[in-house]
Amino acid sequence: MGIGSAIVLNGEIFGGKHSWAGEIGHICVDPAGPKCGCGANVCLEQYAGQDALFRRAGMPIASTLDDLIDSFNAGVPTAVSAIDNAATTLGRAIADTLNIIDVDHVILGGNFVRLLPCFQQLLISEIKYGRMSGKWTETEVIADKNNDKAALLGACFDNSPIL
Ligand SMILES: [Zn+2]
């Protein structure tokens, strides 16, 4: 399961020239990282995507997010490390994105809504560290209240051309 985002500027979704804007999952977070499905070796998805989280936690791919969160809360080292790495790399990718588009609000959806209580402090710290204006501005990071419907709603509203 990958990681995507939507950039909303002045109340409008910014899709970019080819409607691919917001591919945050393929931002470089570790040049020495594992190979990604996109062909690069550097991507956020290899740290914070669902399959990567389970793999890094030493859990079967068929595990559930509840299994991972339970292991994290129980202090299982591999689960703690996997979620901490996800927070750090996601924060790094968000900071880089904010440095480019200069907005103050980040809304997390999907699995990150449920992971936010596990990694909020580390995530915010990484964003503040990596954001150029982090010393002078506050970045609000909240969970999407439509968590379980975000992908469905996005697909319904998608007006990009069918390839
Ligand atoms: Zn990639």
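It should be emphasised that the depicted structure is a prediction, and the values quoted were computed from it without experimental measurement. Atoms within a ligand are numbered from 1 in the order they appear, just like the ligands themselves. Quick note: residue numbers are just sequence positions, from 1.
- S81 and D84 share no side-chain donor-acceptor pair at under 3.5 Å.
- Heavy-atom minimum distance, A48 versus L53: O-CD1, 3.7 Å.
- For T64 (side chain) and D67 (main-chain N/O), a donor-acceptor pair under 3.5 Å exists by modelled atom type.
- Applying the side-chain contact (heavy atoms from CB on, under 4.5 Å) test between I142 and each of V113, I107, L108 identifies I107 as the sole match.
- Excluding waters, the count of protein N/O/S atoms less than 2.8 Å from the Zn ion (ligand 1) comes to 4.
- Under the 3.5 Å distance criterion, with hydrogens and angles disregarded, a donor-acceptor pair is assigned to the side chains of Q46 and R55.
- A donor and an acceptor atom, one from each side chain of R56 and T78, are nowhere located under 3.5 Å apart.
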